Amino acid sequence: MSDDARTDDPRRAVPRTDALLADPALRAAEQRLGRALVKDAVARVQQRIRTGALAPERAVPAVLDDLPTTAGSLRPVLNATGVLVHTNLGRAPLSAAAVEAIAAAAGTTDVELDLATGRRGPRGEAALGALLDAVPAAEAALVVGNCAAALALVATALGQGRELVLARGELVEIGDGFRIPDLLQSTGARLREVGTTNRVTVEDYRAALSPDTGAVLKVHPSNFVVRGFTRSADVGELAAALAGTGVPLVADVGSGLLRAHPLLPDEPDLQSTLAAGADLVLASGDKLLGGPQAGLVLGRADLVQRLRRHPLYRALRVDKTTLAALEATLRGPTPPVRQLLETGVEELRTRATAVAGRLAAAGVDARVVDAPGRVGGGGAPEHPLPGVAVSLPDGFAEPLRRATVPVVGYVEEDRTLLNLRSLLPADDDALVGAVLEVARRWT
Ligand SMILES: *Cc1c(COP(=O)(O)O)cnc(C)c1O
């Protein structure tokens, strides 16, 4: 082999790892992302140089290009599904106020310290205070990891070794194989099912009570409805039937609506359910409340205290960032989920027309169509929200998910629909940008 051939060999020109890592731009990246992620990117770029796919002098910009945006791999995604609370997309988007509160609490913070006295203070008191202000019918509140955790805590503290009475029609599966009866039984509580799939009466509940009864549980069947020959006992009737028995009535309302909302007439809310006589209500923080993942427990002070004192509570409690985000969601401006819910359909049409117009001007076959949205996340299953979508030709859905800012839409009758019901106005520019990025790749 001649010397010339050897100097042409791309393998000899591969920049060394330590030389690349010493580059100021890559040292700055290492400060931000950590050494391992930068080294991984360096190794990938060296491989491209080795195969001759990349010129050695392009190594540093290629590494910078290859680096992830953050040390975490979760990315912001535009939710164009029309589903406000999409479990696969992280449910409620947090408000800017909640994000700021998280950032403020992320370091060392006074989550459990009274700065005035220097003594230990009650954990998360401010978030609990915000919950109690929002739901005045509650005497006390507790926050755990999610609503499933709240159910597990209630079933353990009130039902372990005893019976939980609940309607057969409420033995529901919430999603992804999560079955509420399985969770309840896993705590050692026995389920005493009453009624039939379609009908249950207060009398059925009354007949099931015994000295073994730990609680009566009502679970909102949030993701389906039973129609036809049906009957159920509402919270008010059950509370009246349980009066004087000492058996607590616990209602899992799921969606986390604080108060009755005119746009969702069939959705139970925390305030009304307590006012109707429930002793405890349970809900998620990241559905219609629009906050972080959390399980909210509100109601009678003695019962909340029993749950707080139970050893299991320590395993289910939330961290400082959740408490911060929850408080800011409750005290701050209207969170995104409520804004999305309350946006008028004419405003959506105006925005869709503007988006479609910008796309059409760039040669994309974009049209404006009516397309209903949904609450999602197990909420208001029978209640379509009026919505408007930008309709694109078939074939956009998949590349849009892989755009620089990924967009998740859906396909209907051979068209890709991007539903604006689940997007904030501030997202429209990014939506246009993603579609144009995909369209450009095709031309
Ligand atoms: C969504 C839901 C749950 C589960 O809530 P997570 O916060 O996801 O644990 C439980 N019960 C009802 C009625 C629900 O709608």
Side-chain angles (χ1 to χ4, degrees), residues 83-94 127 131 141-156 158-159 164 166-187 189 191 215-226 232 234-235 238 249-258 261 264 266-270 272-274 278 280-299 307 312-313 315-319 322-323 325-326 329 335 337 341 374-383:
V83 180
L84 305 191
V85 177
H86 200 300
T87 300
N88 300 156
L89 297 177
R91 291 201 181 154
L94 294 178
L131 269 175
L142 192 68
V143 181
V144 290
N146 59 14
C147 190
L151 277 165
L153 184 58
V154 163
T156 307
L158 306 183
L164 296 175
L166 79 169
R168 192 158 273 136
E170 295 177 5
L171 299 172
V172 300
E173 175 170 324
I174 298 291
D176 194 27
F178 167 43
R179 295 180 169 174
I180 285 186
D182 294 350
L183 172 74
L184 297 174
Q185 276 170 321
S186 76
T187 67
L191 301 191
V216 169
L217 187 61
K218 233 187 120 48
V219 177
H220 179 54
S222 28
N223 51 9
F224 71 101
V225 291
V226 183
S232 64
D234 67 30
V235 167
L238 284 177
L249 173 59
V250 181
D252 171 9
V253 303
S255 73
L257 208 54
L258 296 171
H261 196 291
L264 300 171
D266 299 326
E267 201 58 28
D269 65 278
L270 298 174
S272 312
T273 305
L274 283 173
L280 285 179
V281 288
L282 317 180
S284 296
D286 56 356
K287 293 181 180 174
L288 287 170
L289 180 66
Q293 180 185 307
L296 315 177
V297 183
L298 291 98
L307 300 183
L312 183 61
Y313 167 66
L316 303 177
R317 74 178 196 185
V318 295
D319 78 313
T322 299
L323 291 167
L326 182 61
T329 301
V337 168
L341 173 69
R374 279 188 296 126
V375 168
E382 288 288 275
H383 196 83

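Atoms within each ligand, like the ligands themselves, are counted from 1 in listed order. What you see is a predicted model; the values in this text were computed from it and never measured.
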Heavy-atom pair with the smallest gap, counting every atom of Thr322 and Ala294: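 In this case the closest contact between Thr322 and Ala294 is CG2-CB, 4.2 Å.
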
Any nitrogen or oxygen of [X] lying under 3.5 Å from a nitrogen or oxygen in ligand 1? Just yes or no.
{"X": "Ser284", "result": "yes"}
{"X": "Ile174", "result": "no"}
{"X": "Cys147", "result": "yes"}
{"X": "Arg91", "result": "yes"}
{"X": "His220", "result": "no"}

Ligand 1 contact on Lys287 by region, counting heavy-atom pairs under 4.0 Å: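 The answer is the side chain of Lys287.
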
Ile180 and ligand 1 - part of the residue with a heavy-atom distance under 4.0 Å: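 Within the 4.0 Å criterion, Ile180 contacts ligand 1 through side-chain atoms alone.
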
Atoms of ligand 1 close to Asp252 [distance to a heavy atom under 4.0 angstrom, numbered from 1]: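 Selected atoms, number and element: 10 (C), 11 (N), 12 (C), 13 (C).
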
Ligand 1 atoms in contact with Gly254 (distance to a heavy atom under 4.0 Å):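 Result: 12 (C), 13 (C), 14 (C), 15 (O).
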
Straight-line distance of Asp252 CG to Leu151 CG, nearest 0.5 Å: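 So the gap between those two atoms works out to 4.5 Å.
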
Pair Leu171-Leu166, side-chain contact (heavy atoms from CB on, under 4.5 Å): steps then yes or no: CA-CA 8 Å; Leu171 299 172; Leu166 79 169; 3.9 Å; yes

Heavy atom of Thr87, distance to ligand 1 below 4.0 Å: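 The answer is no, since Thr87 has no heavy atom less than 4.0 Å from ligand 1.
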
Does any non-hydrogen side-chain atom of [Y] lie less than 4.5 Å from one of [X]?
{"X": "Asp269", "Y": "His261", "value": "no"}
{"X": "Val225", "Y": "Asp266", "value": "no"}
{"X": "Leu326", "Y": "Val318", "value": "no"}

Return a table of donor-acceptor pairs under 3.5 angstrom between the side chains of residues 143-150 and protein atoms on other chains or two or more places apart.
from, atom 1, to, atom 2, distance (Å)
Asn146, OD1, Ala148, N, 3.3
Asn146, OD1, Ala149, N, 2.8

